[in-house]
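Heads up: numbering here begins at 1 and tracks the sequence. What you see below is based on every heavy atom in this structure, not just the backbone, and it leaves out hydrogens, waters and symmetry mates.
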Amino acid sequence: QVQLVESGGGLVQAGGSLRLSCVASTRTFSRYIMGWFRQAPGKEREFVAAMAWAGRSTYYADSVKGQFTISRDDAKNTVYLQMNSLKPEDTAIYYCAVKTKSGSYSSLASYDYWGQGTQVTVAS
């Protein structure tokens, strides 16, 4: 069982930045692919970004490429999501998750453990 706790959300003006953090309670954090997803009001949860372990491959949704950056600090069991040039359409609850199954890194079904989410609101 892995517990995830996100933080760093809040209210920001359009064009601003936020950095989200997600701390995992597991001794094997470095072995996991970690992902970020978001869910806007009235919409389905969607993939944002993911980061692998060795080699540190990263994956992004087309909608956030060049705008968001995922990173991780295995010594702190933490994955980050740096969000720049935020837009009102980035408003959502952001979740981190642990990928434990084979399958696409962008598929919710590939992830087993989820945090409680952190709210990001971008004002125009």
Side-chain angles (χ1 to χ4, degrees):
Q1 189 77 10
V2 179
Q3 292 184 329
L4 304 170
V5 179
E6 301 99 334
S7 62
L11 173 64
V12 64
Q13 293 294 315
S17 298
L18 283 174
R19 188 176 81 155
L20 306 182
S21 300
C22 172
V23 180
S25 64
T26 173
R27 295 180 179 179
T28 57
F29 178 79
S30 63
R31 301 180 187 176
Y32 290 119
I33 294 174
M34 298 298 297
W36 284 99
F37 291 77
R38 67 185 180 185
Q39 188 166 17
K43 295 186 177 180
E44 295 186 349
R45 194 170 300 189
E46 64 176 5
F47 171 74
V48 174
M51 187 168 194
W53 57 102
R56 297 296 189 256
S57 298
T58 56
Y59 312 91
Y60 295 95
D62 288 343
S63 58
V64 304
K65 281 181 181 176
Q67 182 189 1
F68 291 3
T69 303
I70 188 171
S71 62
R72 61 193 291 165
D73 184 339
D74 290 345
K76 296 182 179 180
N77 279 16
T78 301
V79 62
Y80 303 98
L81 186 68
Q82 178 67 44
M83 307 186 296
N84 298 327
S85 303
L86 284 162
K87 311 166 189 174
E89 50 263 43
D90 295 316
T91 294
I93 299 174
Y94 284 72
Y95 301 88
C96 67
V98 178
K99 187 179 185 296
T100 58
K101 302 174 183 175
S102 61
S104 171
Y105 53 83
S106 62
S107 171
L108 275 72
S110 299
Y111 294 78
D112 258 339
Y113 303 108
W114 295 81
Q116 82 290 347
T118 185
Q119 176 72 49
V120 171
T121 303
V122 184
S124 57

Peer 1: Distance to the ring centre below 6.0 angstrom and angle to the axis at most 45 degrees; does that hold for Arg72 and Phe29?
Peer 2: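 Yes, Arg72 and Phe29 form such a contact.
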Peer 1: What distance do Glu89 atom CD and Lys43 atom NZ have between them, rounded to the nearest 0.5 Å?
Peer 2: 8.5 Å
Peer 1: Quick one, Asp112 with Lys101, criterion side chain to side chain contact (heavy atoms under 4.5 Å, CB included). Give me CA distance, side-chain angles, the key distance, then yes/no.
Peer 2: CA-CA 8 Å; Asp112 258 339; Lys101 302 174 183 175; 3.3 Å; yes
Peer 1: Is there a side-chain contact between Glu6 and Tyr95 (heavy atoms, below 4.5 Å)?
Peer 2: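 In contact.
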Peer 1: Can you see which heavy atom on Val2 is nearest to which on Ala24, and at what distance?
Peer 2: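 Scanning both residues completely, I find the closest heavy atoms to be CG1-CB, 4.2 Å.
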Peer 1: With a 4.5 Å heavy-atom cut-off, do Tyr113 and Gln1 have their side chains touching?
Peer 2: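 In short, these two side chains touch, coming nearer than 4.5 Å.
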Peer 1: Using the side chain to side chain contact (heavy atoms under 4.5 Å, CB included) rule, take Thr118 and Ser7 through it: C-alpha gap first, then chi angles, then the decisive distance, then the call.
Peer 2: CA-CA 6 Å; Thr118 185; Ser7 62; 5.6 Å; no
Peer 1: Is it the case that over 12 heavy atoms from other parts of the model lie below 6.0 angstrom from the CD atom of Gln3?
Peer 2: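 No, because the 6.0 Å sphere around CD of Gln3 holds 12 heavy atoms or fewer from other groups.
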Peer 1: Considering the options Leu81, Ile93, Asp90, which one meets the side-chain contact (heavy atoms from CB on, under 4.5 Å) requirement together with Arg38?
Peer 2: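 Among the candidates, only Asp90 passes.
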Peer 1: What about Met51 and Val64, same hydrophobic cluster or not, with Ile/Leu/Val/Met/Phe/Trp/Tyr joined at side-chain heavy-atom distances under 4.5 Å?
Peer 2: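 Result: yes, single cluster for both.
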Peer 1: May I ask you to decide if Thr121's main-chain N or O and Thr91's side chain share a donor-acceptor pair within less than 3.5 Å?
Peer 2: no
Peer 1: Just how far is it from atom NZ of Lys99 to atom CD1 of Ile33, taken to the nearest 0.5 Å?
Peer 2: 5.0 Å
Peer 1: Start with the C-alpha distance between Ile70 and Val79, add both sets of side-chain angles, then the distance that settles side chain to side chain contact (heavy atoms under 4.5 Å, CB included), and finish with yes or no.
Peer 2: CA-CA 7 Å; Ile70 188 171; Val79 62; 3.9 Å; yes
Peer 1: Is Val122 reachable from Val48 through a run of I, L, V, M, F, W or Y residues, each pair having side-chain heavy atoms under 4.5 Å apart?
Peer 2: yes
Peer 1: Side chains of Asp74 and Ser30 only: does a donor on one sit below 3.5 Å from an acceptor on the other?
Peer 2: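 No, because no side-chain N or O of Asp74 sits under 3.5 Å from a partner of the opposite role on Ser30.
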Peer 1: Within this structure, what is the CG-OG1 distance for the pair Asn77 and Thr28, rounded to the nearest 0.5 Å?
Peer 2: 8.5 Å
Peer 1: Nearest 0.5 Å, please: how far is CZ in Phe68 from CE in Met83?
Peer 2: 5.0 Å
Peer 1: Report the distance from atom CZ of Arg19 to atom OG1 of Thr69, rounding to the nearest 0.5 Å.
Peer 2: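 Taking CZ in Arg19 and OG1 in Thr69, the distance rounds to 11.5 Å.
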Peer 1: Is any side-chain heavy atom of Leu4 closer than 4.5 Å to one of Val98?
Peer 2: yes
Peer 1: How far apart are the closest heavy atoms of Lys76 and Thr78, and which atoms are they?
Peer 2: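 Lys76 and Thr78 have their closest heavy atoms at O-OG1, 2.7 Å.
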Peer 1: Hey, would you say the Phe37 and Phe47 ring centroids sit under 6.0 Å apart?
Peer 2: yes
Peer 1: In this structure, which one of Ser107, Ser106, Ser102 forms a side-chain hydrogen bond (donor to acceptor under 3.5 Å, both in side chains) with Ser104?
Peer 2: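 Passing option: Ser106.
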Peer 1: Side chains of Gln82 and Ser17: closer than 4.5 Å at any heavy-atom pair?
Peer 2: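 Touching, per the 4.5 Å side-chain cut-off.
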Peer 1: Are Tyr80 and Leu86 linked, directly or through other ILVMFWY residues, by side chains that come within less than 4.5 angstrom of each other?
Peer 2: no
Peer 1: Could you report the tightest heavy-atom contact between Leu11 and Ala123, atom names first, then the distance?
Peer 2: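 Heavy atoms only, the tightest pair is CD1-CB, 4.2 Å.
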Peer 1: List the atom of Ala14, the atom of Ser124, and the distance in Å for their closest heavy-atom pair.
Peer 2: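 Closest heavy-atom pair between Ala14 and Ser124: CB-CA, 4.3 Å.
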Peer 1: Does the side chain of Arg45 come within less than 4.5 Å of Leu108's, by heavy atoms?
Peer 2: yes
Peer 1: Taking the six-membered ring for Trp, are Tyr59 and Tyr105 parallel (under 30°), tilted (30 to 60°) or perpendicular (over 60°)?
Peer 2: parallel
Peer 1: Does some side-chain heavy atom of Leu20 sit less than 4.5 Å from a side-chain heavy atom of Trp36?
Peer 2: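 Contact flag for Trp36/Leu20 side chains = yes.
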